[in-house]
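For the numbers below, each heavy atom of this structure counts, side chains included, while hydrogens, waters and symmetry mates do not. Chain A is the first sequence line, chain B the second, and so forth, proteins listed ahead of strands; every chain is numbered from 1. Predicted, not measured: the structure shown is a model, and the values here were computed from it.
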Number of protein chains: 2
Amino acid sequence: MDKKEKLLQAALKLFVEFGFHNTPTSKIALEAGIANGTLFYFFPTKDDLVKALYLDLKSQLAAHTAETIRDQTDLRAMMQGYYSATLTWALKNRTAFRFMQQFNSSPYLHQLAEEEMQKHIRPLLSLLEKGMHDKIIKQMDVDIIFTLISGHTFSINQYLVAKQLTKPEQDKVIHDTFNLLWDMIT
Amino acid sequence: MDKKEKLLQAALKLFVEFGFHNTPTSKIALEAGIANGTLFYFFPTKDDLVKALYLDLKSQLAAHTAETIRDQTDLRAMMQGYYSATLTWALKNRTAFRFMQQFNSSPYLHQLAEEEMQKHIRPLLSLLEKGMHDKIIKQMDVDIIFTLISGHTFSINQYLVAKQLTKPEQDKVIHDTFNLLWDMIT
DNA sequence: GTCTATACACCGATAGAC
DNA sequence: GTCTATCGGTGTATAGAC
């Protein structure tokens, strides 16, 4: 693993534990086993590091969901793939998901270009539009449907993280709550 | 308005714009029209100010929802009251709601006593348990139902804030999405 | 590319007068 | 209670050697 990767990993761990602030760059470098000044060779400012980390994790998640639904053609199966892929990724990468939440509701978010924000949600939006056109999904503003799905996913993740469930129990929750969601939007 | 109130208000405004960090106490005092040192007379530390602000806003919201559903007896009407009261409060107090989101997904949250966290959600939880006992609400873990309601409310707020809707349009969205929610949990 | 050493600005908190 | 003045600690970022 190269030093850049090490820095991102160290930053993630510390940011989630202490917050963006209360995490000096010196601690990040220390945790990564890298000299203080070297951090600024890879990331010109601390803000750049924070944003790079966010974008990196977002790409990882997107890659994982895309991979999961690759072979699906049916809309319901695709949506379910999206849903469970997101949740299993979130469970496997809890600190990553927590960091993304934290970032999402911070003023940092507005520092990112609109384009970079849209890039990863575009596929899901297209899926919804198609489903609506085919009269499978309720005829509502597609943004409402989208926001409902996000909120649902987000909150079930909170639940799964809070409870200590076995893998089969987790799968059952994911399965059952997807049905609730699907019934709501169709 | 007393100085303490002025400080809370100034802090709210600046925290939402710049984040907890990137908002020095000096700026807060300046915005409140109060001397730097005086801030520490009211709040021993900056953290105390942050936490006090959160608790204060949470109480305001709770008071508003409680007031709204006071005369309701029917479960559905009470739930709808809760839902729309929360959303209208959030729309009227956007910065307040944004701050609470920010706080909720920050490490600060863990510094608050469990008791203080539970205090305001207890009434809603009781309502749900009663509804489940009366077989109105689906027989699931009550925490799932609760988290679903929170997530739903949260995400519809995001939607309402993002879109620029007229009051009647807002009311329609709130009405329609409550029906979706209610159908999902009953 | 990576390190050490350090500049220097900034901020939370205190002291003490009124 | 409120102000002014200030200190000590800390953190981002740079300089410069290797």
Answer with base, sugar-phosphate or nothing: what part of the nucleic acid does A:F42 contact at a heavy-atom distance below 4.0 Å? sugar-phosphate

What's the CZ-P distance between A:F40 and C:dA7, to the nearest Å? 17 Å

Is the shortest side-chain N/O distance from A:T38 to OP1 or OP2 of C:dC3 below 4.0 Å? yes

Among D:dC3, C:dT2, C:dC11, which nucleotide has an atom closest to any side-chain atom of A:K3? C:dT2

For A:F43 and D:dG11, give me the distance from atom CZ to atom P, rounded to whole Å. 20 Å

Evaluate A:E67 against A:R70 for salt bridge (Lys or Arg N to Asp or Glu O under 4.0 Å), listing each step before the verdict. CA-CA 5 Å; A:E67 168 67 18; A:R70 206 186 36 185; 3.8 Å; yes

Rounded distance (Å) that lies between atom P of D:dG11 and atom CG of A:N22: 8 Å

Got a salt bridge between B:R122 and B:E129, using NZ or NE/NH1/NH2 to carboxylate O under 4.0 Å? yes

All ring pair (Phe, Tyr, Trp, His ring centres under 6.0 Å) counterparts of B:F97, not counting sequence neighbours: none

Atom-to-atom span, NZ of B:K46 to P of C:dT14 - whole angstrom: 15 Å

Quick one: A:N36 CG to D:dA15 P, roughly how many Å, whole number? 15 Å

salt_bridge(B:K51, B:D47) N-O dist < 4.0 Å: no

Give the rounded distance in Å between these two atoms: CG of A:L30 and P of C:dT4. 11 Å

If the cut-off is 4.0 Å, is B:T25 near the phosphate of C:dG12, judged by side-chain N/O to OP1 or OP2? yes

If you compare every side-chain N and O of B:Y41 against the phosphate oxygens of D:dG1 (OP1, OP2), does one of them come in below 4.0 Å? yes

If you measure from the Lys or Arg side-chain nitrogens to the Asp or Glu carboxylate oxygens, is any gap between A:D134 and A:K130 under 4.0 Å? yes

B:H21 NE2 to C:dC11 P: how many Å, rounded? 12 Å

Which whole-number value in Å describes the distance from B:F20 CZ to C:dC11 C1'? 18 Å

Assign B:L39 to base, sugar-phosphate, or nothing according to its heavy-atom contacts below 4.0 angstrom with the strands shown. nothing

